[in-house]
S.K.: 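Here it is: the structure, laid out below.
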Amino acid sequence: MKILKSIASNFWVESTLNSYSIILFSNNKILALLLLFITFMTPKIGLVGLCFVLCFHFILAKLGYDKKLIKSGLLGFNAVLTGISIAYSYEINKYFMGLFFISVLIAVIIIVWCKNFFDRYHLPFLTIPFFFTANIIALAVSNFEVFKINMDYVFHQNTLVSLQQNSWYQWVHCLDTISIPNHFYVFLITLSTVFFQKSVLAGILILAGMFYCSRIMVVYSFIGFYSAYFFYSIMGGNLDNLNYFYSGANFIFLAISLGCFFYIPNKYSMVFVFLLSPILMFLMITLNKVLFVFQMNSMSLSFSLLTTMTLYILYHRHEYKYIIPANIFHNSPEKSLYEYLHQSQRKVANPYYEMVLPFWGEWYVSQGYDGQITHLGDWGKALDFVIQDENENTFGNRGQKLDHFYCYNKPVVAPADGYVYDIINHVEDNEINTVNVDENWGNSIIINHLNGLYTQISHIKKDSFTVAIGDYIKKGTLVATCGNSGRSPEPHIHFQNQHYPVFGAKTVPLPLSYFIEHHSSTMELKINEIPVVGSTISNVEVIPLLLNSFTFLPNNRLKITNSKSHKVDYFDIVTNEYNQLYFYCEQTNSKLYYKNDGTLFTFEKYEGKTNSSLFEFYKSCYSVLLGYYPTIQMENLLPNHFFTPFGLKTLNDIIAPIYNFMKVKQVSKSLKIDNIIQPNEITIESKYHTEIMRKSLFETRYTITIDPTKTITIHNTTSQIQYLIECEPYS
C-alpha cells in the first residue's frame with residue numbers, strides 16, 4: 001500500500017492522472033486510471049494520448065512553470081484531449097512523429113496563453129485550448145500529403161469487417177448489440193465519445209467511474225443529456241447527432257460544470273441546466289454551420305463558451321440567490337453541497353468587527369433598534385441598557401435619588417479594541433425625571449475601531465472617565481461609569497455604532513459577536529445577533545483554564561496518545577498564507593483547521609483519513625464555549641461525507657440536491673466544574689449522531705476533561721477509548 005502511495009505521489013504520475021480525471025471535473029486517481037484504460041480500448045489512441053501529455057508536462061517543467069500547477073492537471077487535460085484527437089484523426093506513419101511534436105508545442109503555446117488570458121477575468125478556460133489546437137492542426141495538415149487522415153472511421157463498415165477476428169476489438173465492442181432502450185444506448189455512446197471511443201462498454205465504465213466518484217455528478221449528467229434528448233425530440237431534431245463527435249457531450253459537460261461543480265447542486269441548479277439546454281443546442285448548431293465553412297469542427301466549444309459566459313454573467317450579481325457559487329472547489333459535488341449546508345447553518349461571529357456589550361454583568365434592554373421613544377429615523381439603530389431586579393424594577397428604595405438606581409455608577413467598558421477619539425465630560429447628571437435637552441447626548445465617548453467603524457456610548461457620569469483622548473484600549477477595558485447626563489430621565493447606557501466620528505452621527509446596525517440571553521431557568525448563547533428590547537443579556541464570561549487549554553499556537557505540536565493502543569501521534573501546528581491555523585500530519589497529509597476567537601473554540605474543516613486520532617479530536621471538540629454555562633447546549637451540523645455508511649450516503653447523495661434526508665448533528669455542553677472562581681478541573685459532555693428522517697442513529701458520546709496542566713482528556717464512552725491531548729513545543 002505504501003509503495004502504491006509513493007508511486008501515486010510521484011510528480012509525473014500525479015500530473016498525468018490528474019490530467020485525465022479533471023476532464024470529468026474530478027481529482028480521483030481511480031477514476032483517472034479507469035479513463036486512461038478506456039483510451040487504450042483503441043491502443044494507438046491511448047498510447048499517443050499518454051505520450052502527448054507526458055511530453056507536454058516535460059516541456060512545461062523544463063520551461064520553469066510552477067510544478068504545483070502542472071501536478072493539478074489544470075493545464076494537462078487539454079493536452080490529453082489534443083493527443084487522443086490527433087491519434088483518432090491521423091494514421092501512424094513515419095511522418096506522424098513530426099506532427100506529434102509540432103502539436104505538443106502548439107498545445108503548450110495555446111493552453112498557457114488561454115490560462116493567462118482567462119485568469120484576468122477569473123474565469124476557467126475549459127476546453128477552449130483543445131478546440132483551437134485541434135483545429136489549427138487539422139487546417140494546417142490538410143496542406144501536406146505526408147500526413148494521412150485515418151480512414152478507419154471514414155469507411156467504418158470496411159474497418160468492422162477487417163477487425164471481426166480481433167479478440168481485443170470484439171471485447172471492447174461486446175456490448176454494442178445489447179438490448180437496451182435507444183435513448184440509454186445513445187447516452188452511453190455519447191459518454192464514450194468524450195475519449196474518442198464509440199463503445200457501449202466504454203460508456204458503462206465511464207458511468208461506473210463517475211458513480212464511484214460522485215453520485216450527484218451522474219444525476220447531472222443524466223439531466224444534461226436527457227434535457228438535450230427532450231428538446232431534440234420536441235423540435236424534430238436528429239437524435240443520432242447527440243453521439244457524433246462531442247455533440248451530446250457538450251450537454252453533459254454543461255450540466256456537470258454549471259449544475260454541480262462551479263455552483264452548489266440544488267433543485268434550482270437542476271432547473272437552470274435544463275433551461276440552458278435549448279440555448280446550448282442553438283449555439284452548437286450555429287457554430288457547426290459557421291465553422292463548417294472554414295472546415296473546422298466546433299467539438300466542445302459551445303459548452304465552453306456558454307459556461308464561461310454564464311459564469312461571467314452570474315459573477316456580477318448583486319446578491320447570490322438560488323444559484324449559489326461553490327467558493328471552494330472540492331472536486332466533489334457531494335463535498336461542496338455538504339460543506340455548504342454545514343457552513344450555511346453555522347453561526348459565526350463577524351471576523352472583522354468583534355463587538356461585545358459595553359458593560360459587565362446582566363443588563364436589561366430597555367429600548368432596542370427603531371424604538372418608540374428616542375431611537376427614531378437616522379438614530380434608530382441604537383440600544384439602551386438598564387439593570388432590573390426580579391420585580392422588573394430599575395431602582396431600589398423609592399427611586400428618588402440617582403444612587404437608588406441599580407445601574408448608576410456601574411462600569412462602562414470598551415465594546416471592542418480601538419482608540420479613544422473624543423470625549424464629552426462637562427455635563428452634570430440630571431435629577432430623576434428631569435432631562436437636559438440642550439446637551440442631548442450628555443457625557444459621551446467615541447471609540448475609533450478603524451476601517452470606518454466608531455462606537456458612541458452616552459449618558460455617562462461626569463468625571464468618571466478612566467481613559468483619555470488618544471489612548472489605545474482593548475475590548476473589555478473600563479472607560480467610565482454609567483450616569484444620567486443629557487437627555488436621560490433616569491440612569492442608563494446609550495450605545496450605538498456609526499461611520500463618522502461625530503457625536504450624534506447617523507447610526508448603523510451591527511450585530512454583536514457573542515452575548516448570553518437569560519431566561520427564567522435557562523440561558524441561550526447568541527452569536528452575531530442584535531439584542532432585542534425586553535431581553536436580559538450579558539457578555540460571555542470566559543474561564544481562563546478553558547481559554548488557555550484550547551489555545552494552540554504555531555511552532556508547537558499537538559501530541560495525541562491513544563490509551564488503548566498506546567500509540568502516540570504528533571501533529572504540527574502551522575498557519576497558511578490566509579492566516580488560518582491548522583494541525584497537520586505530514587505522513588497522512590491530514591489537516592484540521594481551527595479557530596479560537598477568545599469566546600468560542602471551533603473546528604472549521606477537516607481533510608484526511610477518518611481513522612486518525614486527529615479526527616477523534618475533531619468529532620469530540622467540534623465547538624467548545626470557553627465559559628461555564630451548564631444550561632447552554634451547543635448544536636451544530638457536521639458534513640455528511642465523513643460520518644455515514646456508504647449505502648445510506650449513496651442514497652442520500654442521489655437526492656441530496658433536492659432533499660437532504662440525512663444529517664449529522666454534534667451537541668456539546670458544560671457538565672461540571674470543581675470551582676467556579678478558580679477551577680482545577682472542568683468536564684464537558686459531547687456527542688454526535690446521524691439523524692435520518694429525524695430519527696437518531698449511530699450515536700457516539702464523549703466526556704472531555706480539562707485539568708490544570710492544560711491536558712485535554714477525551715473519553716469515547718461508546719468505544720471506551722481514551723485520548724490524551726497535549727500541546728508541546730518542538731524538541
Side-chain angles (χ1 to χ4, degrees), residues 122 315-320 325 327 343 346-359 365 367-371 374-385 412-425 439-460 465-480 486-487 493-515 526-532 537 539-540 577-580 595-600 604:
H122 306 287
Y315 177 76
H316 287 85
R317 289 179 291 171
H318 176 69
E319 184 179 359
Y320 293 138
N327 293 323
Q343 294 294 341
R346 188 176 191 177
K347 287 187 176 181
V348 294
N350 190 316
Y352 306 107
Y353 301 113
E354 294 187 3
M355 194 72 62
V356 298
L357 295 165
F359 50 73
V365 184
Q367 190 177 186
Y369 279 17
D370 302 313
T374 56
H375 297 176
L376 305 170
D378 287 345
W379 300 273
K381 309 305 179 186
L383 298 165
D384 285 347
F385 304 106
V412 175
V413 302
D417 299 348
Y419 291 90
V420 178
Y421 185 86
D422 204 356
I423 287 176
I424 296 176
N425 186 32
E439 297 169 296
N440 182 71
W441 303 106
N443 300 315
S444 301
I445 183 172
I446 290 178
I447 304 173
N448 179 5
H449 304 290
L450 305 182
N451 300 313
L453 178 67
Y454 301 84
T455 55
Q456 175 184 319
I457 307 173
S458 298
H459 311 308
I460 290 171
F465 288 99
T466 61
V467 295
I469 294 173
D471 287 352
Y472 177 76
I473 52 179
K474 299 288 289 181
K475 177 178 65 178
T477 301
L478 176 67
V479 298
R487 187 179 176 182
I493 293 175
H494 173 93
F495 174 69
Q496 66 182 51
N497 298 291
Q498 54 198 53
H499 286 320
Y500 301 100
V502 178
F503 290 107
K506 180 180 178 180
T507 59
V508 293
L510 184 69
L512 298 176
S513 299
Y514 301 100
F515 62 93
K526 297 291 185 177
I527 303 175
N528 203 43
E529 292 190 33
I530 296 168
V532 295
I537 58 179
N539 281 315
V540 177
E577 63 270 28
Y578 303 107
N579 208 31
Q580 294 174 303
K595 184 179 181 182
N596 183 337
D597 61 12
T599 303
L600 197 67
E604 298 185 305

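Quick note: numbers below take in every heavy atom, side chains included, and nothing from hydrogens, waters or symmetry partners. The model shown is predicted, which means the values in this text are computed figures rather than measured ones.
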S.K.: How long is the straight-line distance from CG of Leu357 back to CD1 of Ile537, given to the nearest 0.5 Å?
M.R.: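 With rounding to 0.5 Å, CD1 (Ile537) is 4.5 Å from CG (Leu357).
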
S.K.: Given 3.5 Å as the limit, does a donor-acceptor pair link the side chain of His459 with the main chain of Gly442, or not?
M.R.: no

S.K.: Would a 4.5 Å heavy-atom cut-off, applied to side chains only, mark Lys347 and Asn528 as touching?
M.R.: no

S.K.: Please determine whether the number of non-hydrogen atoms from other residues, nucleotides or ligands lying under 6.0 Å from atom OH of Tyr320 exceeds 12.
M.R.: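 Atom OH in Tyr320 is crowded, with more than 12 foreign heavy atoms closer than 6.0 Å.
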
S.K.: Please step through side-chain hydrogen bond (donor to acceptor under 3.5 Å, both in side chains) for the pair Asn497 and Tyr353, ending with a clear verdict.
M.R.: CA-CA 11 Å; Asn497 298 291; Tyr353 301 113; over 6 Å; no

S.K.: Quick one, Ile493 and Ile457 - any side-chain contact, counting heavy atoms below 4.5 Å?
M.R.: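 A side-chain contact under 4.5 Å exists here.
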
S.K.: Looking at NE2 of His375 and CG of Asp384, how far apart are the two atoms once the value is rounded to the nearest 0.5 Å?
M.R.: 3.5 Å

S.K.: Answer whether the closest heavy-atom distance between the side chains of Thr455 and His449 falls below 4.5 Å.
M.R.: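 Thr455 reaches His449 side chain to side chain.
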
S.K.: Answer yes or no: does atom NE2 of His316 have more than 12 heavy-atom neighbours from other residues, nucleotides or ligands under 6.0 Å?
M.R.: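 Count over threshold, so yes.
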
S.K.: Does Glu354 reach the side chain of Tyr514, with side-chain heavy atoms less than 4.5 Å apart?
M.R.: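 Sidechains of Tyr514 and Glu354: no contact.
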
S.K.: Please find the pair of heavy atoms, one from Ile445 and one from Phe465, that lie closest to each other, and give the distance.
M.R.: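 Minimum heavy-atom contact is CB-CE2, 3.9 Å.
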
S.K.: Under 3.5 Å, side chain of Gln367 to main-chain N/O of Thr374, donor-acceptor pair present?
M.R.: yes

S.K.: Say you draw a straight line from CD of Gln496 to CG of Leu383; how long is it, rounded to the nearest 0.5 Å?
M.R.: 10.0 Å

S.K.: Does Gln498 use its side chain to pair, donor to acceptor, with the backbone of Gly504 at less than 3.5 Å?
M.R.: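 Judged by distance alone, no pair lies under 3.5 Å.
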
S.K.: Within the distance-only criterion (no hydrogens, no angle test), does the side chain of Ser513 pair as donor or acceptor with the backbone N or O of Met355 below 3.5 angstrom?
M.R.: yes

S.K.: Report the C-alpha distance between Asn440 and Phe503 in whole Å, list the side-chain angles of each, state the deciding distance to 0.1 Å, and finish with yes or no for side-chain contact (heavy atoms from CB on, under 4.5 Å).
M.R.: CA-CA 10 Å; Asn440 182 71; Phe503 290 107; over 6 Å; no

S.K.: Donor-acceptor pair, Thr507 side chain versus Asp378 backbone, under 3.5 Å?
M.R.: yes

S.K.: So Val412 and Phe359, side-chain contact (heavy atoms from CB on, under 4.5 Å) or not? Walk me through it.
M.R.: CA-CA 5 Å; Val412 175; Phe359 50 73; over 6 Å; no

S.K.: If you measure from CG on Leu600 to CD1 on Ile527, what distance do you get to the nearest 0.5 Å?
M.R.: 5.5 Å

S.K.: So how far is it from Trp379 CH2 to His494 NE2, rounded to the nearest 0.5 Å?
M.R.: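 Here the interatomic distance stands at 11.0 Å.
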
S.K.: State which residue, out of Ile447, Asn539, Leu510, fulfils the side chain to side chain contact (heavy atoms under 4.5 Å, CB included) condition with Pro415.
M.R.: Ile447

S.K.: Considering all heavy atoms of both residues, which atom of His499 and which atom of Gly452 are nearest to each other, and what is their separation?
M.R.: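 Heavy atoms of His499 and Gly452 come nearest at ND1-O, 2.9 Å.
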
S.K.: Show me the side-chain donor-acceptor pairs of residues 466-475 shorter than 3.5 Å, one per line, residues at least two apart or across chains.
M.R.:
unit_1 : atom_1 : unit_2 : atom_2 : d
Thr466 : OG1    : Leu478 : O      : 2.6
Thr466 : OG1    : Val479 : O      : 3.4
Asp471 : OD2    : Ala468 : N      : 2.8
Lys474 : NZ     : Asp417 : OD2    : 3.3

S.K.: Kindly indicate whether the side chain of Asn448, heavy atoms from C-beta on, has any atom under 4.5 Å from the side chain of Pro501.
M.R.: no

S.K.: Of the non-hydrogen atoms in Val365 and Pro531, which two are nearest, and what is the gap between them?
M.R.: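 Where Val365 meets Pro531 most closely, the heavy atoms are CG2-CB, 4.0 Å.
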
S.K.: So does Tyr369 have more than 12 non-hydrogen atoms from other groups sitting under 6.0 Å from OH?
M.R.: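 Result for OH/Tyr369: enclosed.
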
S.K.: Going from CD on Gln580 to CD on Glu604, what distance comes out if it is rounded to the nearest 0.5 angstrom?
M.R.: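 The distance works out to 6.5 Å.
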
